[in-house]
Structure formats: C-alpha cells, structure tokens
Amino acid sequence: MPAPQAPQRDHWISQLGRRRNDPYDWLKFVPEEGSRTMDNLPPDLRAHLQAEIDHSQAMLQVLAPLEAQFHAAMQARAPEIDAPLPISSHGWRYGFRQTADGAHRVFTRTAPDGAEQVLFDEAERAAGHAYYRATDHQHSPDDRWFAWAEDLIGDDRHRICLLDMDSGDIRVVVAADAYGYGGFTFAPSSQQLFWIWRDVHSRPTRLYRTALAGGPDVLVYEEQDPAIFMQVARTAAGSFVALTLAGPDMSEVHLIAAGAETAPPRIVRARERGTSYAINEWAGQLLMLTDADGAIDRKLLALDAVSFAVTGELVAHQEGRPILTILPFADALVRLERSNGLHRLVLRDASGREVPIAFDDPAYALSLMPGQEYGARRLRITHQTPASPPRWIDIDLRTGACETVGTVRPRNFASADYRVERLEARTDDGRLVPITLLSRADMPADQPAPLLLNGYGAYGYSSEAQFSLPATVLVDAGFRYAIAHVRGGSERGRRWFFEGRRMQKRNSMSDFIACARHLTSLGRAHAGAIVAQGRSAGGLLVCGAMNMEPELWAGVIAQVPFVDMLNTMSDADHPLVPLFRPDWGDPLADPEAYDYIASISPYENIAAAPYPPLLTTAGLKDDRVPYWEPAKLVANVRALSTSRNPAILHLDPDSGHQSSGDQDSEFAEAALLWAFAKQCVRAG
C-alpha cells in the first residue's frame with residue numbers, strides 16, 4: 001500500500017553559526033492550552049496524521065492472524081497472583097487483586113480479624129474513559145485515608161483521589177495538574193497531604209500542602225530552576241517529610257519535621273553541581289546516600305538529626321559496587337546494591353554486623369516492596385528472572401533466613417521449559433557488555449534462531465533481568481529474547497553510565513551492535529534474523545544502530561522513540577530538556593555538543609541506504625517524546641531508503657507516553673510488536 005508522503009517544507013534554522021534545514025518541522029504542533037486531540041490539530045496536519053493512522057491499520061492488517069495468535073497465547077497464560085500482603089502498624093493489610101478479566105485491579109484492605117474491605121475498583125474508575133492509568137496508591141499513617149493519582153487523558157497530568165476508609169466516600173482532592181510519580185505523600189499526622197504541581201510545561205515545580213479536613217491549598221515551596229525535578233515522601237520512621245530536588249548531577253533535600261508540618265522546610269545540604277544525595281532515617285539519626293567526594297557509586301553517611309552534621313560513615317564507597325537504595329527498619333538497615341552487574345542485598349544491624357544475601361541464578365532482578373512498616377521484623381522483596389515469574393520472599397531481618405510467601409503463577413507455564421544465560425560481548429574498545437538471553441530449554445544452545453534484541457542505555461537506568469510474560473510467548477514461537485545491557489545504563493556502576501552519555505553516547509549504539517554480532521558468532525542468532533526493539537531513549541539506541549548498520553537488522557521496533565534529538569534538545573520549552581542537558585549536551589550554547597548531537601541524532605542521519613522494516617509507535621498526547629519525533633523519522637526514511645521495506649507510524653490518538661494501565665492493553669501492544677517481528681524474519 002502506498003505510504004503517505006509528507007511534503008517537505010523548508011524550515012531553515014541558524015544556531016551557533018551552523019545552519020540546517022528541517023523540512024518536516026511542520027509536523028510539530030503544540031496547542032496554546034490543553035492537550036492535543038485530532039480535533040484541534042491544524043487541518044493539513046490532521047489530514048496527514050489521519051492518513052498515517054489509516055496506512056498503519058492497512059499495513060498491519062496482514063499481521064492480524066499472527067497478532068491474534070500471540071494475544072490469545074498471552075491471555076491463556078494470564079497469571080494468577082498469590083501475594084501475601086504487608087502488615088501496617090495497626091494490623092491492617094493493604095493490597096489488590098485482579099478483576100475477573102485480569103484487566104484492572106480491585107484495591108482492598110484486610111482487618112486484624114481477617115475481614116476484607118473493598119476500597120475501590122479501578123474498572124469502575126476507568127469506565128467511560130478511552131485511557132486510564134493510576135499510580136502511587138498509599139494509605140495514611142493512621143489508616144483513615146487512602147490516596148492515589150489518576151491520569152484520564154494520557155498526558156501524565158494527574159488528579160489525586162482520596163478515599164475516606166471509614167465512610168467509603170471518594171473525593172478528588174487535587175483536580176488537575178498533579179505529579180503522579182513520587183508526587184504526593186501523607187503527613188506523619190495524617191492531617192495533611194503534601195503534593196507536587198506541574199506547570200504549563202509539565203515540569204513539577206511547586207510543593208503544596210492540603211488539609212484533609214478541608215481548606216485552601218498552601219504553597220510550601222516553588223522551584224525556579226527548570227533543570228530540577230521534585231519528589232516528596234516520608235522518611236522511614238515517619239519523623240520527616242522529605243522534598244527531594246534533583247537533576248542529573250545535583251540534588252538538594254528539604255525536610256519538614258513531624259509535629260511541625262506547617263513550618264518552613266529546612267535544607268540539609270545546599271545544592272552543588274556534581275554532588276547528589278538522598279536522605280532517610282534510621283536509629284534516631286539521618287542517613288545520607290551520596291556520591292560526594294568522588295564516591296561515584298555512592299557511600300552512606302550518618303547525620304545528626306537536628307544539626308545535619310556528619311557523625312560517621314556507615315558504608316564506604318566501593319567503585320563498581322553501586323549502592324542502589326536503602327530501606328531502614330527498626331531492627332536492621334537494608335541496602336540493595338549491585339555486584340558484577342547483579343543485585344545483592346545486605347542487612348546491617350546497629351552494631352555494624354552485616355549479612356549479605358545473594359541468589360545463584362545466572363541473571364535475576366530484586367526489588368524492595370514499597371510501604372513496609374519501620375517496625376516490621378521481616379523484609380519483603382520480590383525476586384524474578386526472565387524464566388521465573390516474580391515471587392515474594394520474606395527475609396528475617398536478624399538472621400537473613402528467607403521464605404517464599406507468595407508467587408505470580410502464569411497459567412500453562414513451567415519455568416523449567418526455559419533457559420536463562422548471562423553472556424558478554426566484547427566491544428572494539430575492549431569493554432565487556434552483559435547480555436541476558438532467554439531461550440527454550442529444549443532448543444540446543446548452538447542452534448541459531450530468530451532473535452529479538454532489546455536495549456535502553458540512558459540516564460543511568462539499568463535494564464533489569466525481569467520476567468516478561470509476553471517475552472516467554474515470543475520464545476515459544478521460536479525466537480530467542482535478549483537484553484543488551486549497553487553503556488549509558490548503570491549495570492556495571494556509575495562509570496558504565498558515564499561511558500554512554502553525552503560525548504560518548506555513540507558507545508551505546510556500538511555496544512548494541514556488538515551484542516547482536518556476538519550472539520550471531522555464538523550460534524545463538526541467525527544473521528539476517530535479528531529484530532531490534534527499544535522504547536523512548538531506547539528508541540534512540542535502536543534507530544541510531546539502524547543508521548550505523550541498516551543491513552544488520554531484519555526489522556526495527558521503536559516505541560515512542562526519542563529520535564529528533566537535535567531539534568528537541570534545542571527546544572528550551574520542552575519539559576525535559578533543561579533537566580537532561582547534562583546527559584545529552586546543550587546544542588543551544590555549546591558548539592561541540594551541537595556537532596556531536598548532529599552526528600548521532602537518528603532523524604538527521606537518515607541516508608540513502610537499504611533500511612529494514614521499521615515500526616514506530618506514538619501517542620498523540622505524549623509530552624515526553626511527542627508524536628512528531630517518530631513521524632519525522634518515518635517521513636525521512638520513506639524519502640531516502642533504497643529498499644522497498646515499509647516504515648510505519650502507529651499513532652494512538654488517545655494515549656501519551658504509556659499505554660492505558662490495564663493488562664489487556666499490555667498484551668495487545670506486545671502481540672502487535674511480536675507479529676511484526678515474526679513477519680520481519682519470515683520476509684527475510
């Protein structure tokens with residue numbers, strides 16, 4: 001089917017003595033207010049995007065039988081969850097169960113006598129909305145209130161809902177423009193809600209305090225630096241509310257003490273470029289997890305809770321073994337760190353005695369369950385591998401003894417049917433890039449198979465070796481599934497991140513290519529049958545690798561991809577640009593950064609080459625990676641590619657950076673991507 005041809009309209013940009021033409025700039029539209037909809041687009045843009053939607057539907061229709069098979073296989077494997085619930089300080093247990101169709105969650109609490117109280121049903125909240133996603137569910141310290149943030153549009157601008165668990169009444173306490181990811185917390189007294197507001201550019205810039213009994217919202221703090229983001233939470237024992245202001249290379253924490261919730265917050269350490277820290281509390285003292293004084297993988301200091309003076313060092317810095325997070329309990333201080341790329345837990349008591357806890361799987365992921373009470377005697381974690389669904393493990397905080405207390409049980413599934421390997425690919429500059437590989441156990445290790453290679457590699461975020469039900473379905477269809485832990489993440493510590501950011505970002509892309517070639521050389525993958533997949537900044541990774549070696553890939557899947565890099569980083573009004581300049585560089589002020597970004601930005605570097613089949617996804621309401629980034633990329637590929645392979649823009653008019661938050665939406669999206677991947681290797 002002929003693809004829509006976006007007309008080229010000269011748009012010359014002069015910047016730092018350089019001049020460039022962006023002929024698809026007209027595809028960009030930012031409304032003066034409110035969210036984008038198909039109705040408020042300029043007529044020519046609306047017509048073009050509707051043509052893209054129609055073209056995508058027609059082109060992907062051939063995949064419908066494959067897509068239906070994958071979707072049915074995922075639904076047949078939809079899990080049952082046997083999850084024990086953490087116990088609050090007053091004996092209440094909070095949790096959720098899936099609705100009968102598995103699409104949404106029903107939130108509940110169980111009384112000390114075992115009686116269950118249904119708090120609310122997400123399906124009821126989602127009814128009548130094309131999009132629904134909720135986050136940050138939490139109960140107040142006195143067990144009277146339950147709050148959560150809802151996004152009904154897809155633009156990440158939330159409202160905050162409050163349930164009175166005594167009466168059952170639900171009211172919207174913040175009607176709009178709230179920040180929903182670490183963006184609100186109850187005060188220790190349970191009488192106030194602290195919450196973060198997003199400005200017109202979707203940046204979290206203000207902290208408000210709202211009395212739950214009613215009254216006006218009170219401004220507590222306003223941030224003027226657009227390069228700073230905010231989060232708010234209570235410290236472990238509930239002695240403080242901590243407002244954390246952070247950018248990629250600095251931070252500043254403001255504390256509000258329990259019993260003085262209306263007093264101005266106090267700054268622990270003034271922000272200083274090149275130094276970041278986080279604050280918690282344990283055993284009557286404050287804890288500072290920081291990279292100060294060259295401790296790039298962080299050290300843990302003790303502070304006086306009144307003066308904030310350093311009183312000692314609890315855990316020294318050890319390069320290559322980053323401390324990821326801490327979770328204090330009355331009986332022990334828990335830290336999650338990474339050793340040789342894999343997670344490790346350490347329990348520390350007041351005397352300094354430490355009990356390390358590790359697992360012998362080739363690759364796995366651990367996470368600390370949120371909402372655990374400071375006085376609990378047992379720590380609850382989740383453990384998972386690409387072949388083993390999440391299981392809940394309780395760990396005795398004094399002895400380290402472990403007990404599995406709950407599991408996610410996919411139907412028609414056995415972990416023994418799969419094999420997980422941890423491999424390493426050597427790069428041209430001698431670095432070893434970890435690879436997590438999932439295969440069928442009955443597939444010989446040296447038997448080549450089609451491969452889906454996933455990667456991210458940005459902002460220091462690590463790609464964890466987690467369980468993915470859709471990935472197991474793809475593997476059952478004859479694929480291998482791999483995660484390339486490229487530089488730009490932090491799998492090997494903070495230096496691994498530094499080697500894949502800013503003026504070294506090309507390392508991430510060459511690492512990804514090295515992983516593909518290594519798996520081929522080992523006989524794990526078929527040359528010519530490798531499909532690359534990346535999301536958001538992972539889209540930059542895979543599309544950059546596509547430009548570098550277009551003939552290496554049987555197909556490329558780029559979900560909400562950050563690919564219009566030079567133009568986006570030159571847009572000072574973009575909500576994330578000021579924050580992430582330390583990661584990418586500033587092409588508005590730094591000629592060297594301009595030239596480097598121009599040399600790797602996927603959109604600008606499309607050339608006359610035989611490009612593989614390309615599937616991009618976009619949400620019309622996405623403010624993080626707007627729809628025009630993949631739209632411009634696709635237009636340029638169509639104009640310049642020397643192959644007859646399709647370039648598809650799959651645009652959802654009703655979503656933003658994420659799809660709706662129900663299980664079936666996840667399965668439907670994965671089924672389409674897997675069908676595309678399988679068609680790519682068939683065609684090859």
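Just the heavy atoms: all of them, side chains too, but no hydrogens, waters or symmetry mates, feed the values below.
Of the possible polar contacts, one joining the T617 side chain to the V560 backbone as a donor-acceptor pair under 3.5 Å is found. Of the possible polar contacts, none joining the D564 side chain to the W628 backbone as a donor-acceptor pair under 3.5 Å is found. Without hydrogens or angle criteria, R480 side chain to L452 main chain gives no donor-acceptor distance under 3.5 Å. The closest donor-acceptor contact from the side chain of T427 to the backbone of L432 lies at 3.5 Å or more, if one exists at all. Between the side chain of N40 and the backbone N or O of T37, at least one donor-acceptor pair lies under 3.5 Å. Listed for the D394 side chain is no donor-acceptor partner under 3.5 Å among the backbone atoms of E403. Judged by distance alone, the side chain of W674 and the main-chain N or O of P470 form a donor-acceptor pair under 3.5 Å. Distance alone, capped at 3.5 Å, is enough to place a donor-acceptor pair between the S490 side chain and the G460 backbone. Side chain of N636 to main chain of Y603: a donor-acceptor pair is present (N/O by atom type, distance under 3.5 Å, no hydrogens or angles). In terms of modelled atom types and a separation under 3.5 Å, the side chain of H129 and the main chain of Y131 share no donor-acceptor contact.
Under the 6.0 Å distance and 45° angle rule, R440 counts as a cation-pi partner of Y418. Stacking of R105 on the aromatic ring of F96 is recorded, both the 6.0 Å distance cut-off and the 45° axial limit being met.
Among R159, Q138, R125, the one residue that satisfies the side chain to side chain contact (heavy atoms under 4.5 Å, CB included) test with W148 is R125. If you run ring pair (Phe, Tyr, Trp, His ring centres under 6.0 Å) between Y459 and each of F497, F580, F562, only F580 comes through. Checked options T436, D511, I435; the residue passing with H485 is T436 (criterion: side chain to side chain contact (heavy atoms under 4.5 Å, CB included)). The side chain to side chain contact (heavy atoms under 4.5 Å, CB included) test with Y611 is passed by exactly one of N645, T642, I606: I606.
No side-chain heavy atom of D151 sits under 4.5 Å from any side-chain heavy atom of T135. V542 places none of its side-chain heavy atoms less than 4.5 Å from the side chain of I557. In this structure, N340 and L342 have side chains that are not in contact, with every pair of non-hydrogen atoms separated by 4.5 Å or more. Annotation: side chain of P626 is not in contact with side chain of K28 (no heavy-atom distance under 4.5 Å). The shortest side-chain heavy-atom distance between P389 and S415 falls under the 4.5 Å cut-off.
For R422, there are no salt bridge (Lys or Arg N to Asp or Glu O under 4.0 Å) partners at least two apart in sequence or on another chain. Remark: R426 engages no residue in a salt bridge (Lys or Arg N to Asp or Glu O under 4.0 Å) (not counting sequence neighbours). Residues satisfying the salt bridge (Lys or Arg N to Asp or Glu O under 4.0 Å) criterion with K505, sequence neighbours excluded, are absent altogether. Remark: R624 pairs with D156 by the salt bridge (Lys or Arg N to Asp or Glu O under 4.0 Å) rule, at least two apart or across chains. In this view, R391 and H383, T404 satisfy the side-chain hydrogen bond (donor to acceptor under 3.5 Å, both in side chains) rule, not counting sequence neighbours. Every residue meeting the side-chain hydrogen bond (donor to acceptor under 3.5 Å, both in side chains) condition with R506, not counting sequence neighbours, appears here in chain and number order: S599.
Y24 and N567 form no side-chain donor-acceptor contact under 3.5 Å, judged by distance and modelled atom types alone. Using a 3.5 Å distance cut-off with no hydrogens or angles, the side chains of Q75 and D664 do pair a donor with an acceptor. A side-chain N or O of S56 and one of H650 form a donor-acceptor pair less than 3.5 Å apart. There is no side-chain donor-acceptor pair under 3.5 Å between Y364 and Q384. In this model, a donor atom of one side chain and an acceptor atom of the other lie less than 3.5 Å apart for T382 and S367. Side chains of T108 and R97: a donor-acceptor N/O pair is absent below 3.5 angstrom, by distance only.
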Quick one: do Q559 and S536 satisfy side-chain hydrogen bond (donor to acceptor under 3.5 Å, both in side chains)? Show the steps, please. CA-CA 6 Å; Q559 299 164 258; S536 195; over 6 Å; no

For R36 and D623, run salt bridge (charged side-chain N to carboxylate O under 4.0 Å, His left out): C-alpha distance rounded to whole Å, both residues' side-chain angles, the deciding distance at 0.1 Å, then the answer. CA-CA 10 Å; R36 279 182 295 271; D623 284 332; 3.6 Å; yes

Might you work through the salt bridge (charged side-chain N to carboxylate O under 4.0 Å, His left out) test for R638 and E52, ending with a clear yes or no? CA-CA 13 Å; R638 288 175 186 159; E52 291 282 16; 2.9 Å; yes

Using the rule given for ring-ring contact (aromatic ring centres under 6.0 Å, His included), can you reason through H48 versus W26, listing the C-alpha separation, both sets of side-chain angles and the distance that settles it, and then say yes or no? CA-CA 11 Å; H48 177 74; W26 69 273; 5.7 Å; yes

Before you tell me yes or no, could you show the steps for T385 and D361 under side-chain hydrogen bond (donor to acceptor under 3.5 Å, both in side chains), namely the whole-Å CA-CA distance, both residues' side-chain angles and the distance that decides it to 0.1 Å? CA-CA 8 Å; T385 81; D361 308 273; 5.4 Å; no

Audit row: E150, Y132, side-chain hydrogen bond (donor to acceptor under 3.5 Å, both in side chains) steps and yes/no: CA-CA 7 Å; E150 292 181 338; Y132 182 86; 2.8 Å; yes

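Heavy-atom neighbours of R411 CZ from other residues, nucleotides or ligands within 6.0 Å: above the threshold of 12. Enclosure of atom OH in Y461 is not indicated, since only 12 or fewer non-hydrogen atoms of other residues, nucleotides or ligands lie within 6.0 angstrom. For E116, the CD atom sits in a packed shell: over 12 heavy atoms of surrounding residues, nucleotides or ligands are nearer than 6.0 Å.
Taking the charged nitrogens against the carboxylate oxygens, R492 and E424 do have a contact shorter than 4.0 Å, which makes a salt bridge. One finds no salt bridge joining R431 and E491 here, because no Lys/Arg side-chain nitrogen approaches an Asp/Glu carboxylate oxygen to under 4.0 Å.
L649 contributes atom CG, which lies 13.5 Å from atom NZ of K632 (distance to the nearest 0.5 angstrom).
Checked against the 6.0 Å centroid criterion, the rings of Y94 and H137 do not qualify as a close aromatic pair. Less than 6.0 angstrom separates the ring centroid of W553 from the ring centroid of F512.
Ring geometry for F107 versus F120: interplanar angle under 30°, hence parallel rather than tilted (30 to 60°).
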